[in-house]
Amino acid sequence: MLTREEAWVHLCEWTKTDSLRKHARAVEIVMRRAAHRYGAGAVEEEPWGIAGMLHDADYEQWPEEHPRRIVAWLRARGEEALAYAISAHYTKWEVPHRSPMDKALLACDELTGFVMAACFVRPEGVATLTPRSVQKKLKDKAFAAKIDRHEITSGAALLGVDLADHIDFIIGALSPHAQELGIGARPGA
């Protein structure tokens with residue numbers, strides 16, 4: 001089985017920018033927590049985290065091929081469940097979401113990115129972020145305009161959870177890692 005360390009080395013070979021690496025790390029963190037909430041718990045934490053980490057690994061170098069390269073790399077290593085979840089997260093391929101991991105990756109990816117964007121515009125970062133403030137930002141189409149709002153709402157629906165509760169879950173997962181992710185309070189806030 002692919003280890004977290006091997007996955008991180010591979011991510012860093014293909015992804016050079018700090019912002020995309022932080023996104024990968026943030027989705028890894030959220031997916032590790034999601035394994036306990038939506039999956040079988042500790043036994044699934046490692047693969048779920050790796051799926052979160054690697055879901056956009058090929059995006060920076062080969063955006064027009066995303067996620068073909070990372071899916072092929074995982075399949076060549078015999079990591080079919082990870083390859084499938086990453087295929088399903090790319091909704092343009094219309095791959096059915098079969099497993100809890102497939103559903104959680106879709107539900108956590110875009111929303112994690114959106115929550116982090118909301119943190120960046122707040123002097124206090126994630127410390128005072130609430131689901132209500134995130135939902136208000138979701139209505140502002142100019143804010144984080146590239147983030148697909150439909151994927152956010154359909155992801156929560158796929159998991160069968162209320163969107164506000166899912167936002168709260170993601171805020172809670174990211175909060176302990178605020179400093180590492182750069183979403184903590186800015187100096188002087």
Side-chain angles (χ1 to χ4, degrees), residues 15-31 33-34 37-38 51-68 70-71 85-97 101-175 177-178 180-186 188-189:
T15 303
K16 303 301 182 190
T17 59
D18 188 53
S19 62
L20 198 51
R21 285 182 184 179
K22 279 186 179 171
H23 173 68
R25 177 69 177 124
V27 179
E28 174 195 5
I29 288 165
V30 170
M31 285 294 289
R33 175 89 55 99
R37 184 172 212 174
Y38 305 115
M53 179 196 300
L54 292 179
H55 76 283
D56 284 342
D58 56 5
Y59 183 77
E60 186 177 279
Q61 288 194 46
W62 305 283
E64 63 287 334
E65 295 180 48
H66 171 68
R68 277 186 183 83
I70 190 59
V71 168
I86 291 171
S87 295
H89 110 281
Y90 189 67
T91 56
K92 291 177 184 168
W93 283 359
E94 298 180 355
V95 173
H97 298 89
M101 181 171 65
D102 303 343
K103 295 172 186 177
L105 184 57
L106 176 68
C108 294
D109 173 29
E110 292 287 296
L111 186 53
T112 296
F114 194 88
V115 166
M116 288 184 68
C119 292
F120 295 144
V121 298
R122 300 172 66 86
E124 308 86 13
V126 74
T128 59
L129 190 64
T130 65
R132 186 174 178 192
S133 61
V134 172
Q135 287 180 301
K136 185 176 177 183
K137 286 284 190 197
L138 280 168
K139 293 176 185 172
D140 178 359
K141 301 298 182 203
F143 180 78
K146 290 185 178 182
I147 294 179
D148 189 332
R149 270 81 167 154
H150 176 71
E151 282 191 14
I152 289 173
T153 57
S154 63
L158 198 60
L159 286 177
V161 297
D162 176 73
L163 180 58
D165 290 340
H166 192 51
I167 292 168
D168 191 52
F169 165 76
I170 289 185
I171 292 169
L174 295 175
S175 291
H177 305 274
E180 172 191 356
L181 298 173
I183 57 172
R186 290 193 296 276

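Being a predicted model, the structure only gives us computed values, none of them experimental. Numbering of residues begins at 1 and proceeds along the displayed sequence.
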Q) Under 6.0 Å between the ring centres of Y90 and Y59? A) no
(Q) When you compare the side chain of R37 with that of F169, does any pair of heavy atoms fall below 4.5 Å? (A) yes
(Q) Quick check: closest heavy atoms across A104 and A34, and the distance to 0.1 Å? (A) CB-CB, 4.4 Å
Q. Heavy atoms, side chains only, cut-off 4.5 Å: are E124 and C119 in contact?
A. no
Q: Using the side-chain contact (heavy atoms from CB on, under 4.5 Å) rule, pick out the option among I171, I170, L106 that qualifies with L111.
A: I170
Q.
H97: which residues meet the side chain to side chain donor-acceptor pair (under 3.5 Å) condition with it, sequence neighbours left out?
A. none
Q.
If we ignore hydrogens and angles and just use 3.5 Å, is the side chain of R149 paired with the main-chain N or O of I147 as donor and acceptor?
A. yes
Q: Indicate yes or no: at least one non-hydrogen side-chain atom of L138 is less than 4.5 angstrom from one of L163.
A: yes
Q: Pick out which of H150, E110, E151 makes a side chain to side chain donor-acceptor pair (under 3.5 Å) with T91.
A: E151
Q: May I ask you to check whether over 12 heavy atoms, not counting those of R132, lie within 6.0 Å of atom CZ?
A: no
**Q.** Exercise: identify the closest heavy-atom pair between V126 and A178
**A.** CG1-CB, 3.7 Å
Q. Just by distance, do the side chain of H177 and the backbone of L174 share a donor-acceptor pair under 3.5 Å?
A. no
Q. So with a 6.0 Å cut-off around NZ of K146, is the heavy-atom count from everything else above 12?
A. no
Q) Just how far is it from atom CG of D102 to atom CG of L158, taken to the nearest 0.5 Å? A) 9.0 Å
Q. Side-chain contact, heavy-atom cut-off 4.5 Å: R68 with W93?
A. yes
(Q) What I'd like to find out is whether the side chain of P131 reaches to under 4.5 Å of the side chain of H166, using heavy atoms alone. (A) no
Q | Validation row: D18, K22 side chains within 4.5 angstrom (heavy atoms) | A | yes
Q: Please examine the side chains of Q61 and T15, heavy atoms only from C-beta on, and report whether any two atoms are closer than 4.5 Å.
A: no
Q. After noting the C-alpha distance and the side-chain angles of V27 and L105, does the key distance pass the side-chain contact (heavy atoms from CB on, under 4.5 Å) rule?
A. CA-CA 8 Å; V27 179; L105 184 57; 4.1 Å; yes
(Q) Could you measure the distance from the OH atom of Y38 to the NZ atom of K103? Nearest 0.5 Å is fine. (A) 12.5 Å
Q: Would you name the heavy atoms of A51 and M101 that are closest together and state the gap between them?
A: CB-SD, 4.0 Å
Q. Does any non-hydrogen side-chain atom of I29 lie less than 4.5 Å from one of L181?
A. yes
Q: Determine, stepwise, if the pair M53 / R25 fulfils side-chain contact (heavy atoms from CB on, under 4.5 Å).
A: CA-CA 6 Å; M53 179 196 300; R25 177 69 177 124; over 6 Å; no
Q: Find the distance between CG (D56) and NE2 (H89) and round it off to the nearest 0.5 Å.
A: 4.5 Å
Q.
Quick check: closest heavy atoms across A88 and P96, and the distance to 0.1 Å?
A. CB-O, 4.1 Å
Q. Could you state the interatomic distance from CG (L54) to CD (E28), rounded to the nearest 0.5 Å?
A. 9.0 Å
Q. If you measure from CZ on R122 to CG on L129, what distance do you get to the nearest 0.5 Å?
A. 5.0 Å
(Q) Looking at H66, is its backbone amide N or carbonyl O close enough to the side chain of D58 to form a donor-acceptor pair, meaning the two atoms are under 3.5 Å apart? (A) no
(Q) Would you say H55 and H23 are linked by a side-chain donor-acceptor pair, where the criterion is simply a distance under 3.5 Å? (A) yes
